[in-house]
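Just below is one structure, and these are the notes that go with it.
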Amino acid sequence: MILHGYWRSGAAYRTRIALALKGIDYEQQGHDLRTGAQKDPAYLALNPQGMVPALEAGGVVLTQSPAILEWLEETHPTPALLPADPVARAQVRAMSALIGCDIHPLNNLRVGKALRETFGADQTAVDAWAARWIIPGFEALEALVARHGAGWCHGDAPTLADCYLIPQIYSAGRFNVSMDDFPRLQAISAKASEHPAFLAAHPDNQPDAD
């Protein structure tokens, strides 16, 4: 199994967390998004979208982190990252989508590049742009964790929602977004910082990290 990613990619980061939580061994191949390595013809032959992550497994290539995470859950069901109850599963998926659909895409590397190159944004403006989407999303997540969490985003064990949350908190730090108003999210982050799977997946611990 080969994971194609980039050490600081939030989507690759959430995939690494899930792989580590499930104890799945894999190789990594890094593609530096800053230099456009993801547009190399050899990589485009694997993933025509030219984005990370992509997962080579069993002779097939899987793309898009939500699809990869669902595939991992279906093919490696232990430990489960989705609850058994259908309503609880939907709640975890909703929390994950809140991040994966409504926050992360608006502050990833290509959006930041467009803000700088097309609209002349400096770092202060880019930070403000990121905060505009991160803060209301985290406000909603803080309320949902209050409703459903018991140490983690949903319940007392890590779920897919935590796989999404921790990389987004890492991203918030890069954009100088204060976490002071989100004590429950901070508590989950502190717990993850001591968890072996989350530590193994952290960007600083990847072979292609700066």
Side-chain angles (χ1 to χ4, degrees), residues 1-35 37-38 43 47 49-57 62-73 76 79 81-82 92-93 95-113 130 133-134 137-138 141 152-153 158-177 179 182 185-186 188-210:
M1 191 176 290
I2 302 173
L3 177 66
H4 295 265
Y6 169 60
W7 64 285
R8 216 159 52 183
S9 159
Y13 188 178
R14 69 178 69 128
T15 305
R16 293 195 303 264
I17 293 171
L19 286 162
L21 285 168
K22 289 181 176 293
I24 300 172
D25 292 327
Y26 64 98
E27 301 176 29
Q28 288 201 65
Q29 186 165 331
H31 303 270
D32 194 331
L33 305 186
R34 297 166 297 185
T35 64
Q38 73 278 17
Y43 184 65
N47 181 4
Q49 194 178 13
M51 297 176 68
V52 297
L55 184 69
E56 292 188 73
L62 304 174
T63 62
Q64 288 291 344
S65 61
I68 294 171
L69 294 176
E70 291 281 352
W71 178 84
L72 288 171
E73 185 70 0
H76 300 78
L81 299 181
L82 284 170
V92 169
R93 286 184 169 117
M95 295 170 85
S96 302
L98 193 160
I99 298 168
C101 299
D102 297 333
I103 302 177
H104 173 256
L106 291 160
N107 58 75
N108 63 19
L109 184 64
R110 63 178 181 163
V111 170
K113 185 176 181 181
W133 310 108
I134 292 171
F138 277 6
L141 280 168
W152 295 93
C153 282
T159 66
L160 288 183
D162 302 286
C163 297
Y164 279 80
L165 174 63
I166 296 306
Q168 192 57 62
I169 291 177
Y170 174 82
S171 180
R174 291 181 56 225
F175 292 113
N176 300 303
V177 177
M179 293 295 295
F182 313 114
L185 302 189
Q186 285 191 73
I188 294 170
S189 180
K191 199 166 189 175
S193 72
E194 299 177 349
H195 192 295
F198 288 87
L199 284 170
H202 193 279
D204 292 347
N205 297 325
Q206 304 318 303
D208 60 329
D210 287 348

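Along the sequence shown, residues are numbered consecutively beginning with 1. Keep in mind that this is a model prediction, so the values were computed, not measured.
- The one candidate from His31, Gln38, Gln28 that meets the side-chain hydrogen bond (donor to acceptor under 3.5 Å, both in side chains) condition with His4 is His31.
- Using cut-offs of 30° and 60° on the angle between ring planes, the pair Phe198 and Trp152 is parallel.
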Go through the steps for Phe182 and Leu141 under the test side chain to side chain contact (heavy atoms under 4.5 Å, CB included), then give the verdict. CA-CA 9 Å; Phe182 313 114; Leu141 280 168; over 6 Å; no
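- Looking at Gln49 and Gln64, their side chains come closer than 4.5 Å, going by heavy atoms from C-beta outward.
- A distance of 5.5 Å separates CG in Leu165 from CD1 in Ile188, rounded to the nearest 0.5 Å.
- Atoms CG and CZ, from Leu109 and Arg8 in turn, are 7.5 Å apart once rounded to the nearest 0.5 Å.
- Summarising the geometry, atom CG belonging to Leu21 is positioned 10.5 Å from atom CD belonging to Glu73; distances are rounded to the nearest 0.5 Å.
- At least one side-chain heavy atom of Met179 sits under 4.5 Å from a side-chain heavy atom of Phe138.
- Between Ser65 and Thr15, the shortest heavy-atom distance links the atoms CB-OG1, 3.7 Å.
- Looking at heavy atoms from C-beta onward, Leu160 lies in side-chain contact with Leu82 at the 4.5 angstrom threshold.
- Between the OG atom in Ser96 and the CD1 atom in Ile99 there is a gap of 6.5 Å [rounded to 0.5 Å].
- Closest of all the heavy-atom pairs between Leu199 and Asn205 is O-ND2, 2.7 Å.
- A side chain to side chain donor-acceptor pair (under 3.5 Å) check over residues 188-198, counting only residues at least two apart or in different chains, returns nothing.
- Tyr43 places a side-chain N or O within 3.5 Å of a backbone atom of Met51 that can act as its donor or acceptor partner.
- Aromatic ring centroids of Tyr164 and His104 lie 6.0 Å or more apart.
- Other residues, nucleotides and ligands contribute more than 12 heavy atoms inside 6.0 Å of the CZ atom of Arg174.
- Taken to the nearest 0.5 Å, the CD1 atom of Ile103 stands 5.5 Å off from the CG atom of Leu98.
- Nearest approach of Tyr13 to Ile166, heavy atoms of both residues: OH-CG2, 3.6 Å.
- Between Gln168 and Arg14 there is no side-chain heavy-atom pair separated by less than 4.5 Å.
- Nearest heavy-atom pair, Leu81 versus Pro158, reported as atom, atom and distance to 0.1 Å: CD2-O, 3.8 Å.
- For the atom pair CZ (Arg16) and CD (Gln206), the distance works out to 3.5 Å, reported to the nearest 0.5 Å.
- Looking at heavy atoms from C-beta onward, Asp102 lies out of side-chain contact with Trp133 at the 4.5 angstrom threshold.
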Could you please spell out the steps behind the side chain to side chain contact (heavy atoms under 4.5 Å, CB included) verdict for Asp32 and Trp7? CA-CA 8 Å; Asp32 194 331; Trp7 64 285; 5.8 Å; no
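- Annotation for Ala130 and Phe175: closest pair CB-CG, 3.5 Å, computed over non-hydrogen atoms.
- Shortest non-hydrogen contact noted between Ala12 and Leu3 is O-CD2, 4.5 Å.
- Between Leu19 and Met1, the closest side-chain pair of non-hydrogen atoms falls below 4.5 Å.
- Between Ile17 and Asp162 there is no side-chain heavy-atom pair separated by less than 4.5 Å.
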